[in-house]
Amino acid sequence: MPPALINANPVVYEKKERPARSRPGDAGFDEYSTELIDQLEHPYSLEELKVITEDAVEVDDKRSYVRVTFTPTVEHCSMATIIGLCLRVKLMRSLPSRFKVDIKVAPGTHATEDAVNKQLNDKERVAAALENPNLVDMVDECLTPSYE
Amino acid sequence: MADSTTISCVKHIETYVDSSSSRSPSQQDASLDALAKLLLNDIITLELLVREMEMYLTTTDNIIRARGILLLAELLTRCSSKRVEDKTVHSLVGFFADRLADWRALRGALVGCLALMRRKTDIGAISSSDANAVAQSFMQNLQVQSLGQHDRKLCFEILECLMDSYPDTVMSMEDEFVYVICEAIDGEKDPQCLLLTFRLVERLAQLYPESSSSLASYAEDLFNILGSYFPIHFTHPKGEDDAKREELSRALMLAFASTPLFEPFAIPLLLEKLSSSLPSAKIESLKYLTYCMDKYHGNVIQEQHKPLWSSLKDIVLTSAPSSLTAGSRYEDNKVADEALVLVQKLIQQDNDSVSFLKLILNDADVNMTLKNLSNYNNYDDIAVTDKQRLNAVSRILHVSAAASVASCNAIFQSVFSELVNGLQSTMQEKDYTPGGLKFGYLYVCVDLLTACSTLVKPTDKTYLDKETWCTMLHSFCPLLTSSFVKTMKESTLDIYTHTGVRGLQILASFPANFSPVSKSTFEEILVEFTSVITLKFNNASIWRFVLNALVEIGSLIKKSDDSEKMASFDVIVVEKMLPLLSSDDLSMPFSLKVGAVSKIGMTNLKYMRKIVQELNTAISTNLQKYWLDGNSNSAEHAMLLLECYVDEVLPWFQNVKDNDNVPMHFALKIWNEIEDNTMFFDSLNDKKLLETTMNGMKRAVASCSEDSQSTILDKAFSILSSSTSFQVDESMQPAEYSCREEWIISLFDSVIIALRPKTQVKNTEEILQIITRALSNAHIPSAHALGSLFNKIPNDSLEEAMDITFNKYIVRFANGNGDNEIGVSNLRLSNVNDGLVTSDAIVVGLAWVGKGLLMRGHEKVKDVIKFFLNFLISNRSTSSGSVSSSEDCDDLTRAVADSFSIIMSDSEACLNRNLHATVKPLYKQRLFNMVMPILLAAIVKSDSPIPYKSMMHRAIAHVISNTPLSAIIGEAKKLIPLMVDGLTILSEDGKNRDIVYNLLLVLSGILTDKNGQEVIVENTYTVIMCLNKLVFYQHMMLVRETAIQCLTAMTELPYASVYRFRPEVLQTLSRALDDPKRSVRQEAVRCRQAWASISSRSLHI
């Protein structure tokens, strides 16, 4: 019996329509990469839940810097860290290694904001998390649709 | 009867009946087949068989009994065309009918009954009393819905068979039978069975007369069962359901319409579903209603008119498209379309009482919309909802008017005069502005006119003239015409002008004997259209629209064979258009002139002939001008004319039987021009016109018959030989051609290229001489011509031709001194000696000859190939010592290597099917098999410097990338190392990028093939290393992308063979993530994920 959902009935938004890009190099790197990550609790993608939006991704190609700000659906969302981890793994796999990636919870949207931010941006804790086979499996499962 | 037969027979029976698992189903089927064969060949009789089987048919063991009965039933099914005594049939059917009570052995009984009932009378069938017995037993014993799917299906088939073959029996049972059917089909869910049940109901309704009390009393029950299936909708859609859904829906519709007794139940149900929110349900109900209208009685329907109209109106008003466009307006709105079809049907059905039409004409919404027309001042100001409403009303009026003459009369009477007056008033208002025209009037008028034109058929002549609508149209015609013309000419908005043009086109499309639109009106319209074509070319959209209207009018006249109108069209349109081609007026773009004239011409052969003459004259005048003074304007005109000729006129004539040799006259005309113009401007450097002319010549000659081709060839040859510089003299020095000579030789080559294989070529020797000489001038079309000639000339003269070409000319030119040594292999040495002036061209020529020979499958191609291979292989060994030669070997060696590309690839310019090449199937594979072993051996042995090796790889790459993939995969084992080497070496030079790309595509093809993968596994290391390098190939994005895709495909290989390369590949890919091209980066991300997840425990990022 799975545990009861924390936010059983979330508001679902329409996905943003993106025109197909064909011109090379006309945009940053990662607006595609955050599209289809499944949130664990819900069959909707993070974008449909407005956990992550294109505006919340900041890319500076010249200075090799990316900042992602995401918004959990409810304040005490237990999935905030795993969402952040998914985002980080996805970006690590999609970006050249020169990029520095910062992942933050949007200010004021989560009960333990600081703790989550600290956890997500601590290299060693991320590495440790990725040593955990259960966690890695879970992250991989979440990311599979984004590679299709 | 021999004992052995009986024994084998018993053995077969036992095999079939045995239900233990020791017998496989295929064994049982085999014994069934064997028994059937024995029966069919009269080796055993049915009676004997039944006697042998007695025990199995009557045993108390349920399973064995069931198998036994099934065996007998299956045998009867298989012997359905064999004659059996009536007596036997009678007793058998009695047995099976009786067995229907035996639910444990039901399957066999059902199959047996069915098999017997389906027998034809001439080979022994059951009597009606037998049928009655079956029916009675069926009714007493069977609860159809409690059976399995297959058994239910058999039951329905029995019922169907009863109704089809024994209607009398069924009729005599009346109520009982109908009740049984009701009971049997109630609650059915399987699509296949449903199809049968729908058919059962339909058949039942046909069988019983309408007045029959039994059907009437059960009609409601029956319909309640049927109605619950409407609309057909699968809740669990699977793949191929769509076709099945269509089929089911059709069967249900037939069942609905099968008897008028269903009418009181069906119409309310369908009306209710009309208001469903599901579009598919709406479409279905509309379709059903339309179909049922025919079958049910009209007067009953009349009572339903009011609810019908109100729901139909709602549908059309809400679902009509809101975009108003002239012309093909009835785009994909299925709901509205179906609703309009139904409206038309309803009007047609009650033509006498016009009650439905009255509903429409008195409808408040319709009238309101018509009144509001005067409020829609400017098109852009009309609100979207109003546009939709306008469109809907306009379409309703359209279909109503088109329904019948009477309805058209009624509609004209009630609305038309108002519309025309409205139209007129907006034209005459003082503050009239072209944009301010009241669009609504225009729009509805044109729609009504369209409806009228569907009522007029060219076949029935004059009786229409007395109808009200005709008289009204007659009186308003001048007014309409002037309004439309004014709209067309003065309005600035496309939508207005298009609607105006459309109105005029409809007016002009009425047949000549239709008096309401007079001949003068028709001519006036044509004059207006023609003036738009000649004057208003700046407005592209209206120009094109008017041209299309003219073309449509023209083809309509042609179709209806309307001599009176054709005469007017001739004088007004065609005569005006033709001079456009030759006029010097430069204000109108020439391309538009050519386009307009050719399009008009295509409507009628008569016009086309005139136009062809005009085109020929125009082409020759323009060519003359160009030749004389290099006039670029004339060149451009000539090019347009020639393109039009090639793309439009010649293909058009190919479909016309009586084409008067148009292509031949065209070709001869050009040759005549060349003959007559001996003075050419000196510096004609526009190669494009020459190319276009050559292309025209090729296409024209190619579409000629053999005889005409001979005529053209003779003409061309006579001109060629009259020119002195083509005289073959002994010195054999390469000649410089003047412009005229270049034209002559190029066009001559075109003629040769397009010849049919059976066309007689005289003077082969001279032609060969001339062409080879031209070839030494690096004249590429001559190389094409040479190839074509070798591809097509008959076998007996081929030897001689080879002799002439190789020994006398090519070798001589190459050697420069008329060396007596014979054989193509001499060429190489002389090339090195001779400063390489003409050798490149000779190589190209030879390559085309090789291609020609290869395509026809001639042995001699081996000589040519051998020459190329020798050159590639031995050149290296002789000069490998000297450092300097490795640089200047390039040009010629590259030409030789590239000749393989010429030989293998398909060409547009010559040697293709359109130009009548002789093509033997699989010629590419043949070359592949011929060349590859030699090249492989050579390259393995060689230890020569890279430039030479690269040339060999170049040749190999050409061969590989043009060979069909299936042939490559067969040889993949040997080829893969070679391809990898080739990719590595060729990728060093950016100029080779196309070759690299083609080769990489072949590699990716191998990678995606199952057999290919097995070979790749053996070479994983080299392939991956090679791909890793190509991921950074600077010169072509596609190469990088494909290389990464190949790497992704590599992950499909067995884990053990690719796992150890993971770190290297991931490292490569992490750099590829920084690629400047987006698509490459995306592929890299995908590929990285694929490689990272081949072991997901340690991601290594």
Side-chain angles (χ1 to χ4, degrees), chain A residues 18-37 59-66 85-101 123-124 126-148, chain B residues 993 997 1008 1028 1031-1052 1055 1058-1059 1061-1101:
Chain A
R18 292 192 180 81
R21 277 175 229 261
S22 51
R23 268 186 306 131
D26 59 351
F29 287 93
D30 60 340
E31 61 281 359
Y32 268 98
S33 44
T34 48
E35 254 172 57
L36 282 156
I37 304 169
V59 185
D60 189 336
D61 189 19
K62 276 189 200 113
R63 287 165 49 213
S64 300
Y65 181 73
V66 174
L85 192 63
C86 285
L87 290 173
R88 178 165 288 279
V89 171
K90 175 76 196 181
L91 288 178
M92 280 197 309
R93 287 184 196 169
S94 309
L95 292 179
S97 49
R98 63 187 165 90
F99 276 93
K100 160 136 180 57
V101 179
K123 222 194 301 183
E124 290 180 3
V126 170
L130 292 180
E131 295 284 315
N132 181 338
N134 295 330
L135 263 179
V136 169
D137 279 349
M138 194 190 254
V139 168
D140 270 347
E141 203 184 313
C142 297
L143 292 179
T144 340
S146 71
Y147 291 102
E148 278 160 8
Chain B
R993 56 177 180 239
Y997 181 54
T1008 45
N1028 271 352
V1031 167
F1032 304 110
Y1033 189 72
Q1034 294 172 16
H1035 309 286
M1036 201 178 190
M1037 192 262 289
L1038 283 171
V1039 169
R1040 297 201 296 274
E1041 200 178 349
T1042 316
I1044 296 179
Q1045 277 164 350
C1046 286
L1047 278 176
T1048 316
M1050 297 287 284
T1051 56
E1052 303 285 314
Y1055 180 78
V1058 290
Y1059 178 66
F1061 305 108
R1062 193 164 161 268
E1064 279 158 83
V1065 174
L1066 283 177
Q1067 210 166 15
T1068 313
L1069 287 172
S1070 73
R1071 279 168 63 204
L1073 285 175
D1074 226 353
D1075 196 278
K1077 300 278 183 182
R1078 183 182 184 88
S1079 54
V1080 178
R1081 293 197 299 269
Q1082 263 173 338
E1083 281 304 328
V1085 169
R1086 221 165 282 149
C1087 184
R1088 196 158 181 247
Q1089 169 66 10
W1091 275 90
S1093 62
I1094 54 177
S1095 75
S1096 70
R1097 281 286 174 269
S1098 54
L1099 279 160
H1100 202 288
I1101 13 180

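Numbers restart at 1 for each chain; the letters A, B, ... are given by sequence-line order, proteins then strands.
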> Looking only at heavy atoms, what is the nearest atom pair of B/R1088 and A/M92, with distance?
Replying inline: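 So the two residues come closest at NH1-O, 3.0 Å.
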> If you look at every heavy atom in A/S94 and B/L1073, which pair is closest and at what distance?
Replying inline: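 The pair with the smallest heavy-atom distance is O-CD2, 3.3 Å.
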> Between CG of B/L1066 and CZ of A/R93, what distance do you get to the nearest 0.5 Å?
Replying inline: 10.0 Å
